[in-house]
Amino acid sequence: MERILFSAICCLAGIAPLIISCNSGAVKEKENTSTASDKKWWKEAVVYQVYPRSFKDSDGDGIGDLKGIISKLDYIKSLGVDVVWLNPIYSSPNDDNGYDISDYRNIMKDFGSMQDFDTMLKGMHDRGIKLVMDLVVNHSSDEHEWFKQSRSSRTSPYRNYYHWWDAERGKPNSRYSLFDVNHDAWKYDSLTNAYYLHYFSRKQPDLNWENPQVRKEVHDIMKFWLDKGIDGFRMDAFQFVAKDTTFPAFPAGYEKDFIKYYGMVNPIHDYIKEIHKEVFSKYDMMSVAEGAGNSFEDAHNLVDADRNELDMAYAFDAVDLAKPEGYSVVKLKEIFTKWDSAFAAKGWLSIYLANHDQARLVSRFGNDTPEFRELSSKMLSTFLMTMRGTPYYYNGDELGMTNIRFDDIHDYKDVPTLNEYQHQLNIGGDMKKFMETLKFSCRDNGRTPFQWDGTANAGFTSGTPWIKVNGNYTLINAAAQDKDSNSCLNYFRKLTALRKQNLVLVYGKYSILDKDNPAVYAYTRELEGKKLLILLNFSSKPATVNTGIDISKAKSLLNNYSTATDAKQLRPYEAVIYELK
Ligand code: GLC
């Protein structure tokens with residue numbers, strides 16, 4: 001049990017339990033082209049995720065803010081991205097960095113005002129960039145007025161906005177909490193002698209979606225922001241919103257596989273169809289859910305256009321592969337290939353390997369040693385920008401920012417990390433091992449301030465940053481990379497431009513080559529007579545690749561080395577994109 005919980009937090013440091021394994025139910029590949037005939041702006045977009053707390057501080061309080069983002073809109077534009085996904089900026093006591101919302105129609109004070117928001121949105125739209133906001137409605141903050149009312153008495157009209165279990169019924173059946181210090185999702189509240197449910201922290205009580213008033217509130221919140229002109233929602237922890245409110249007992253050990261029990265519970269599809277009817281169908285927007293259920297069928301049921309539900313979901317099992325000791329490239333290829341073929345004829349995928357719930361891309365999936373950091377970072381960017389699906393790219397990865405690897409627990413700010421530290425202490429866990437694990441996987445590694453330039457605090461703030469700046473900012477920063485034509489940053493810009501110029505990279509059929517090659521990921525993308533070959537060496541050693549394709553007439557469109565490549569023998573972390581003739 002202890003081992004389970006320990007490994008849970010190791011994952012949890014990167015929120016991996018939200019990552020759904022979809023190994024079952026392979027859907028037979030049909031035509032492999034029909035998605036191409038159904039063109040949409042959000043399929044052709046590159047989504048750039050901005051973590052506002054760490055992006056740019058304008059007022060010296062050490063916390064990034066909207067005015068900071070506004071000052072960097074030209075930078076964002078220069079990346080060639082189309083959509084910004086902004087992590088929550090709503091009023092929040094910040095137990096979980098904004099994922100605990102106390103007012104869904106207001107801006108967090110640290111981040112600025114509604115006027116700043118309007119200016120930011122206009123600035124994005126003026127530059128042709130769309131904005132997707134995070135919608136966190138599996139739970140609210142315990143400081144939301146709804147919860148305050150709900151807590152106050154058993155007869156409050158808001159009581160049923162949340163899940164309460166009166167204590168005279170005895171203790172409810174166990175539910176696992178991801179963030180709680182004891183992993184107990186039921187918190188006893190003496191005020192009304194009852195327990196409330198929180199899948200995440202105690203300050204994040206779960207909303208009761210069975211209550212039509214709650215659903216109506218959510219629809220109205222969505223309309224409020226869409227009427228302001230935003231372009232979509234990323235729906236946080238959405239697969240968990242529906243619950244069996246009789247709270248039956250789960251079999252012993254269920255917490256090892258809790259998503260199977262928590263994810264996609266009936267009648268979640270009714271709830272989403274209702275949102276589609278009431279909200280989505282009335283706007284030109286995109287929607288993407290965190291979590292895609294337990295199978296390809298689950299994922300299809302969420303995103304297939306004829307279902308009238310969502311546009312995309314996160315298919316996350318790949319992101320969970322990275323371990324301190326490394327990962328299997330063959331496995332990574334298998335996962336992406338399975339997902340691609342399951343969605344080749346219907347539905348649409350999200351492509352990503354990092355976000356605010358993960359440590360840094362290059363530190364987890366690449367190699368952040370001085371020798372290979374740039375090469376492997378460029379190679380991973382090449383991968384993300386050449387797969388079929390909408391790429392979600394996390395801010396700072398375009399610079400090849402790396403894990404900070406704190407030694408001291410006090411440097412970490414992340415609520416589940418700190419709670420799990422306490423939990424491990426309580427149960428006599430292996431603290432040394434725990435701290436080592438955090439260095440690899442804790443999501444705070446991905447939340448250190450954006451490295452703008454070589455001045456104090458990487459140009460992020462004139463004050464004291466809310467979390468330490470990575471000391472390598474004098475070497476790794478946007479200003480220096482902007483001037484260097486070979487930098488990760490300029491390489492990323494070339495990739496987004498290439499994707500824009502080559503719709504084959506968006507819609508084209510994907511075919512894997514040399515699939516058992518333990519180091520190289522090779523594939524083609526093909527659309528309407530155009531065919532690209534992508535070769536990626538995922539290792540620090542030279543690697544041979546056997547694609548069986550004659551490339552003597554091929555044109556190299558992009559290469560992360562400055563000298564010509566040998567298509568059969570790739571250099572360490574080499575990435576090359578050919579156009580085949
Ligand atoms: C999602 C978010 C994560 C947050 C959690 C609780 O997984 O991505 O950052 O902590 O939900 O809202």
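Nothing fancy with the numbering, it's 1 onward along the sequence. As the structure lists them, so they are numbered: ligands from 1, and atoms in each ligand from 1. Keep in mind it's a predicted model, so treat the numbers as computed, not measured. Values reported hereafter were calculated over all heavy atoms of this structure, with side chains retained and with hydrogens, waters and symmetry mates removed.
Annotation: side chain of Ile272 is in contact with side chain of Leu302 (closest heavy-atom distance under 4.5 Å). The shortest side-chain heavy-atom distance between Tyr161 and Asn208 does not fall under the 4.5 Å cut-off. Side-chain contact between Lys72 and Phe55 is present, with heavy atoms from C-beta onward closer than 4.5 Å. Between Gln358 and Val319 the shortest side-chain heavy-atom distance falls below 4.5 Å.
For ligand 1 and His139, the ligand atoms under 4.0 Å from any heavy atom of the residue are 6 (C), 12 (O). Distances below 4.0 Å separate heavy atoms of Phe179 from the following atoms of ligand 1: 10 (O). Distances below 4.0 Å separate heavy atoms of His356 from the following atoms of ligand 1: 2 (C), 3 (C), 8 (O), 9 (O). Annotation for ligand 1: atoms under 4.0 Å from non-hydrogen atoms of Arg443 are 3 (C), 4 (C), 9 (O), 10 (O). Close approach of ligand 1 to Asp96 (heavy-atom distance below 4.0 Å) involves ligand atoms 4 (C), 5 (C), 6 (C), 10 (O), 12 (O).
Contacts between Met235 and ligand 1, counted as non-hydrogen atom pairs separated by less than 4.0 Å, are absent for every part of the residue. At a heavy-atom distance under 4.0 Å, only side-chain atoms of Arg234, from C-beta outward, approach ligand 1.
Under the 3.5 Å distance criterion, with hydrogens and angles disregarded, no donor-acceptor pair is assigned to the side chains of Asp95 and Gln204. Counting only N and O atoms by type, the side chains of Thr417 and Asp414 include a donor and acceptor under 3.5 Å apart.
Under the 4.0 angstrom criterion for non-hydrogen atoms, Arg447 is in contact with ligand 1.
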